[in-house]
Chemist: 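Pasting a structure below so you can have a look.
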Amino acid sequence: MIILSIETSCDDTCVALIEANERKRSRIKVLSNLVSSQVKIHQKYGGVYPFLAKRAHQKNLPFLFKKAKKQAKNPNIDLIAVTTGPGLEPCLWVGVNFAKDLAKELKLPILPINHIEAHIFTDWAISSVKHQTLDKIFPAIYLIVSGGHTQLILIRDFGEYKILGETRDDAAGECFDKIGRMLGLNYPGGPAIEKQAAKIQNIKDKMQISLPRPMIHQKNYDFSFSGLKTAALYNYKSQKPEVRKSKEYIQAMCAETQQAIIDVLLHKTLRAVRDYRVKTIILGGGVTANKALRKQFKGKIKKQLPNIKCFLPDTEYSTDNALMVAITAYHHWLRGTKRNWKQVSVNANLSIEHEI
Ligand code: KG4
Ligand code: ZN
């Protein structure tokens, strides 16, 4: 079967086409997987500006769809999958309306997909394509860390999710982005901070900057990153202008910001893994593209929890893409989740714990 998927929940316009074999479950062929990034548009605002994002999606989506079809050699589509939430409402509507019009025109079924669930599937399913190991991974702990979300989720089985904890204010990626902006770095802040932090060779170069690790010792699985951002701001304001602008200060602040975020994420995730005695850790969302985070998660897990499997998406799949939407739709399809295009709507605050 051929699945077309559409993802427009934030600032990336994404379209994918996959061919899936209903009998050989793990055989998924990626026919096309296109992403049109809007980073340049939002760079001057230091964050995603929903109105502009919506306009860019409207412009890009028909073009991307045409290109994907051409790349896939014009296959006969059997199913349309589209992200319906969570995300920016005006942006989500662009994808949903496009999917609905197409479903109506081609008389095709349409499957609404939760963006967070799609992130969960990215590595799990992509690994399954490579290694064919879809089963025996549950229960699992899933950590999503992106620009809009920071959640620790217990996955008991496919479709059985419980949010153990989440951020009470800013998402981890948002914290990277805001501190990056404060330091005058390019948007998005995450990769820019990673680049600056990597330049520090010696711990002494850290200029004694010490930021808090918010909520790290609290006996819950919640996070808070706005305090970290404020502490960084106080430190920044307390410095002389010539120090603030120096490359030594910027690099030191980036290294400490990155480490503070990694420490909290790692500590809380490993505690959840122990408390719930799970078999697997799955990491997803844009922040998991961070090399220091990946290295430290892998290292700590290998040392402290050698029997736990850790699924980390390839960097190209950590950020938003439509392949993850297509693969999630395929697994719903196998399990008989079918919906009529007329019922499909948008929910900007859609929770992973609830049915769409
Ligand atoms: O998942 P994503 O592409 O979009 C959503 O927010 O859904 O995540 C984007 C976030 C941004 O905040 C960006 O700064 C962060 O992921 N990010 C990173 C890195 N690459 C992207 N954060 C830290 N290190 C990175 N290498
Ligand atoms: Zn995302």
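The structure presented is a predicted model; accordingly, all values stated were derived computationally and were not measured. Just so you know, ligand 1 is whichever comes first in the structure, and atom 1 is the first atom listed for that ligand.
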Chemist: Output the distance between atom CD1 (Ile137) and atom CD1 (Ile281), rounded to the nearest 0.5 Å.
Modeler: 12.0 Å
Chemist: What are the two closest heavy atoms between Thr288 and Pro313, and how far apart are they?
Modeler: OG1-CG, 4.1 Å
Chemist: Is a side-chain donor-acceptor pair under 3.5 Å present for His57 with Thr8?
Modeler: no
Chemist: Please say whether Phe176 places an N or O atom under 3.5 Å from an N or O atom belonging to ligand 1.
Modeler: no
Chemist: Taking salt bridge (charged side-chain N to carboxylate O under 4.0 Å, His left out) as the definition, give me every residue that meets it alongside Arg271, ordered by chain and number, with sequence neighbours left out.
Modeler: Asp275
Chemist: I'd like to check whether Asp12 has a polar contact with ligand 1, where a contact means an N/O of the residue lying under 3.5 Å from an N/O of the ligand.
Modeler: no
Chemist: For atom 15 (C) of ligand 1, which candidate among Asn290, Val287, Asp170 holds the nearest heavy atom?
Modeler: Val287
Chemist: Would you kindly specify which portion of His115 sits under 4.0 Å from ligand 1, judged on non-hydrogen atoms: side chain, backbone, both or neither?
Modeler: side chain
Chemist: Please list, in number order, the atoms of ligand 1 under 4.0 Å from a heavy atom of His119.
Modeler: 1 (O)
Chemist: Give every protein N, O or S atom lying under 2.8 Å from the Zn ion (ligand 2), naming each by residue and atom.
Modeler: His115 NE2, His119 NE2, Asp320 OD1
Chemist: Please verify the inter-ring angle class for Tyr249 with Tyr236; under 30° counts as parallel, over 60° as perpendicular, anything in between as tilted.
Modeler: tilted
Chemist: Would you say the ring centers of Phe176 and Phe225 fall short of 6.0 Å from each other?
Modeler: no
Chemist: For the ring pair His149 and His119, is the centre-to-centre distance below 6.0 Å?
Modeler: no
Chemist: Out of all atoms in ligand 1, which are within 4.0 Å of some heavy atom of Gly147? Include the element for each.
Modeler: 5 (C), 6 (O), 8 (O), 9 (C), 10 (C), 12 (O)
Chemist: Using a 4.5 Å cut-off on heavy atoms from C-beta on, say whether the side chain of Leu164 contacts that of Ile153.
Modeler: no
Chemist: Supply the atom-to-atom distance Thr230 OG1 to Asn235 CG, rounded to the nearest 0.5 angstrom.
Modeler: 12.5 Å
Chemist: Could you check atom 14 (O) of ligand 1 against the protein and tell me its nearest heavy-atom contact, residue, atom and distance included?
Modeler: Asp177 OD1, 2.7 Å
Chemist: Any idea which protein heavy atom is nearest atom 22 (N) of ligand 1, and the distance to it?
Modeler: Gly190 CA, 3.3 Å
Chemist: Sorted by first residue and then second, give each side chain to side chain donor-acceptor pair (under 3.5 Å) pair with at least one member in residues 290-302; sequence neighbours left out.
Modeler: Gln258-Asn290, Gln259-Gln296
Chemist: Quick check on contacts: which atoms of ligand 1 are under 4.0 angstrom from a heavy atom of Gly148?
Modeler: 6 (O)
Chemist: Please answer whether the main-chain N or O of Cys14 pairs with a side-chain N or O of Asp12 as donor and acceptor at a distance below 3.5 Å.
Modeler: no
Chemist: Go through ligand 1 atom by atom and flag the ones less than 4.0 Å from a non-hydrogen atom of Gly173.
Modeler: 12 (O)
Chemist: Tell me: protein heavy atom nearest atom 7 (O) of ligand 1, and distance?
Modeler: Asp320 OD2, 3.4 Å
Chemist: Looking at Arg213 and Glu256, is there a salt bridge between them, counting it only when a charged N and a carboxylate O are closer than 4.0 Å?
Modeler: yes
Chemist: Which bit of Cys10 is near ligand 1, meaning a heavy atom under 4.0 Å away: side chain, backbone, both or neither?
Modeler: neither
Chemist: I need the full list of side chain to side chain donor-acceptor pair (under 3.5 Å) pairs touching residues 61-71, with sequence neighbours left out, sorted by first then second residue.
Modeler: Ser32-Gln71
Chemist: For atom 1 (O) of ligand 1, which protein heavy atom lies nearest, and how many Å away is it?
Modeler: Gly286 N, 3.0 Å
Chemist: Please could you name the atoms of ligand 1 that Pro188 approaches to less than 4.0 Å, counting only its heavy atoms?
Modeler: 13 (C), 14 (O)
Chemist: What atoms in ligand 1 come closer than 4.0 Å to a heavy atom of Ala289?
Modeler: 20 (N), 26 (N)
Chemist: Considering all heavy atoms of both residues, which atom of Ile2 and which atom of Asp78 are nearest to each other, and what is their separation?
Modeler: N-OD2, 2.7 Å
Chemist: Heavy atoms only: which of Gln258, Lys178, His149, Glu194 lies closest to atom 25 (C) of ligand 1?
Modeler: Glu194
